[in-house]
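Here the structure is laid out as structure tokens; the discussion comes afterwards.
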Amino acid sequence: MKSDLQTRVISCPECDLTQGAPDSAPLLRALQCCRCGKVLQRFHPQALERILALTVAGLILLIMAILLPFLTLELNGQLRAITLGSGVGSLFREGAWVLAALVLLTSIAAPLLYQLGLLYILGSLWRGSIPPGAVRIWRWILAMDPWNMMEVYLLGVLVAYVKLAQMATVLPGLALYCFTAAMLVMTMTRLYLDPHLLWRQLPPDDLPYQPAQYCPSCGQGQAMRRKRCRRCGGHLECCEPGGLPRAWAWVLAAAILYIPANLLPIMTVVRLGRAQSDTILSGVAHLAGSGMWPLAVIVFVASILVPILKLFILAALLFSIQHGQSGYHHERTQLYRLIKVIGRWSMIDIFMISILVAIVDLGEVATIHPGPGALFFASVVVITLLAVEEFDPRWIWKTKR
């Protein structure tokens, strides 16, 4: 591994300010941008070794969570056991293949590929070599991280458990505990993982000339004439042509789809031949009517309030940038960080539906089917996530004070 202790120059990915950053700082835990406050680097002793150990532990726990029984339902003498992937299969058999693919990506594929990619890179670096394709794989890992929603899936399990407990006996399986532990281990991995620390181990890191600009994604120095980073492929210019129109298009598409997402039923429960359909709002009302006020508030905030808040904030930010507003840089950056964090939590309802459709499949006794509103709502969540990824926070700082 490379272990030079020189002070480097890096560019802030949120405000584009170029500043010095040491390779190690024993008295600091994190280095923040001196203008916008973005955490640029984290300092932990033996960080790569700790991340490697956590990655191995998380991968083992996640594989166990995939293979072992996840939940078991007992209703009228009938038993129904499911695994973590049962929801994906049930949605696919119901014809909701888009929902099935989304649940597969966010609850199984993204976490698993994230762990495997880290293990592939860190294992080779630990042995003192750089693995083939490491740069491309690390770039994919970083792009995949926003779609890793294990913690949101667990909250969806909690909502599904509360709904099921009113009609049957639900027993957690060993896989649920393994999945929870894997989520906690991956959270610790993110705390230790500094992208710049790993980027510095990967080529190209040579500086054959005096660099005129630094990539905000990986810190690679390069000539001013370049528009994309020669190492990670990231955009070096904060004002990419077409960026604002594309972001506006995502916001408008999500706003249109949000209407049928709330008007159409997201699932239908058939019990003893009687069908009952629920929209998002009626599901919240049902939780509140059953005395589950804390859970009703969580679902209301995540499924109704958060999408509206994201759309409003994104529209306000895009409007301020398009019209050259020159103030409130820090406040607007904080709003961007807020919507980047809260957006994933709107997936609670989709995960809940995948669990209910899989486990409540008892023929004429009881079955649950996804409704058309679920597809519209999933589209809103995905599109708003894409809108946030399209949004470049450096746009906010382009206009001087």
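For clarity, every value in this text was computed on a predicted model and none was experimentally measured.
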* **Close side-chain approach of Gln32 to Lys38, heavy-atom, < 4.5 Å** => no
* Asked: Quick check: does any side chain N or O of Ser90 sit under 3.5 Å from a backbone N or O of Gly87, one acting as donor and the other as acceptor?
  -> no
* Check against side-chain contact (heavy atoms from CB on, under 4.5 Å), Ser129 and Ser124 -> CA-CA 5 Å; Ser129 62; Ser124 297; 4.0 Å; yes
* Can you sort out the partners of Tyr161 under ring pair (Phe, Tyr, Trp, His ring centres under 6.0 Å), two or more places apart, ordered by chain and number? => none
* Leu385 versus Gly343, closest heavy-atom pair with distance -> CD2-C, 4.1 Å
* To do: Mind checking the CG-CG spacing from Leu125 to Leu48? Nearest 0.5 Å is all I need.
  => 7.0 Å
* Structure fact -> Taking every heavy atom of Tyr177 against every heavy atom of Pro172, the minimum-distance pair comes out as OH-CG, 3.6 Å
* Asked: Which of parallel (below 30°), tilted (30 to 60°) and perpendicular (above 60°) describes Phe70 and Tyr153?
  -> perpendicular
* To do: Would you mind reporting whether Asp349 and Ile280 have side-chain heavy atoms less than 4.5 Å apart?
  => yes
* More than 12 heavy atoms of other residues, nucleotides or ligands under 6.0 Å from CH2 of Trp138: is that the case? -> yes
* Asked: Can you name the nearest heavy-atom pair linking Leu314 to Thr384, along with the distance?
  -> CD1-O, 4.4 Å
* **Spatial distance of atom OG (Ser86) from atom CZ (Arg80) [nearest 0.5 Å]** => 6.5 Å
* Gap between atom CD1 of Ile348 and atom CD1 of Ile350 - 0.5 Å precision -> 11.0 Å
* Evaluate the side-chain proximity of Leu62 to Met150: yes if any heavy-atom separation is below 4.5 Å, no if none is. => yes
* Can you tell if the side chain of Ile353 reaches within under 4.5 Å of the side chain of Leu99, non-hydrogen atoms only? -> no
* Heavy-atom closest contact (Ile298 atom, Leu155 atom, distance) -> CG2-CD2, 3.7 Å
* Side chains of Trp397 and Thr333: is there a donor and an acceptor less than 3.5 Å apart? -> yes
* **Reported OH-to-CZ distance for the pair Tyr258 and Phe376, which is rounded to 0.5 angstrom** => 14.5 Å
* Please name the pair of heavy atoms, one in Phe351 and one in Ser354, separated by the smallest distance, quoted to 0.1 Å. => O-OG, 2.7 Å
* Is any side-chain heavy atom of Cys178 closer than 4.5 Å to a side-chain heavy atom of Ile60? -> no
* Calculate, to the nearest 0.5 Å, the distance between atoms OG and CG belonging to Ser320 and Leu318 respectively. => 7.5 Å
* Asked: Hey, is OH on Tyr120 packed in by over 12 heavy atoms from elsewhere, all under 6.0 Å?
  -> yes
* With Glu14 as reference, evaluate Arg332, Arg394, Arg337, Arg35 under the salt bridge (Lys or Arg N to Asp or Glu O under 4.0 Å) test and give the passing residue. => Arg337
* **Side-chain donor or acceptor of His286 paired with backbone N/O of Ser282 under 3.5 Å** => no
* Asked: Do we see a donor-acceptor contact under 3.5 Å between the side chains of Ser277 and Thr268?
  -> yes
* To do: Using atom types as modelled and distance alone, determine if a side-chain donor or acceptor of Arg231 lies under 3.5 Å from a backbone N or O of Leu202.
  => yes
* **Audit row: Thr279, Asn262, side-chain contact (heavy atoms from CB on, under 4.5 Å) steps and yes/no** => CA-CA 6 Å; Thr279 62; Asn262 283 272; over 6 Å; no
* To do: Let me see the working for Val357 and His369 under side-chain contact (heavy atoms from CB on, under 4.5 Å), right down to the final yes or no.
  => CA-CA 6 Å; Val357 169; His369 307 281; 5.8 Å; no
* For atom CZ of Arg190, is the number of surrounding heavy atoms from other residues, nucleotides or ligands below 6.0 Å larger than 12? -> yes
* **Exercise: do Asp16 and Ser11 side chains pair donor with acceptor under 3.5 Å** => yes
* Structure fact -> Taken to the nearest 0.5 Å, the spacing of Leu71 CG from Leu171 CG works out to 9.0 Å
* So do the side chains of Ile383 and Val251 get within less than 4.5 Å of each other, counting heavy atoms only? -> no
* Asked: Got a donor-acceptor contact below 3.5 angstrom from the Ser303 side chain to the Phe300 backbone?
  -> no
* Asked: Between Asp145 and Tyr114, does a side-chain contact (heavy atoms from CB on, under 4.5 Å) hold up when you go through it step by step?
  -> CA-CA 7 Å; Asp145 192 43; Tyr114 183 92; 3.5 Å; yes
* Report the residues that fulfil ring pair (Phe, Tyr, Trp, His ring centres under 6.0 Å) with Tyr336, sequence neighbours left out, ordered by chain and then residue number. => Phe391
* Are Cys33 and Cys15 close enough that some pair of their side-chain heavy atoms sits under 4.5 Å apart? -> yes
* Quick one: does Trp147's side chain get under 4.5 Å of Met149's, heavy atoms only? -> yes
* Asked: So which heavy atom on Pro111 is nearest to which on Ile108, and how close?
  -> CD-O, 3.3 Å
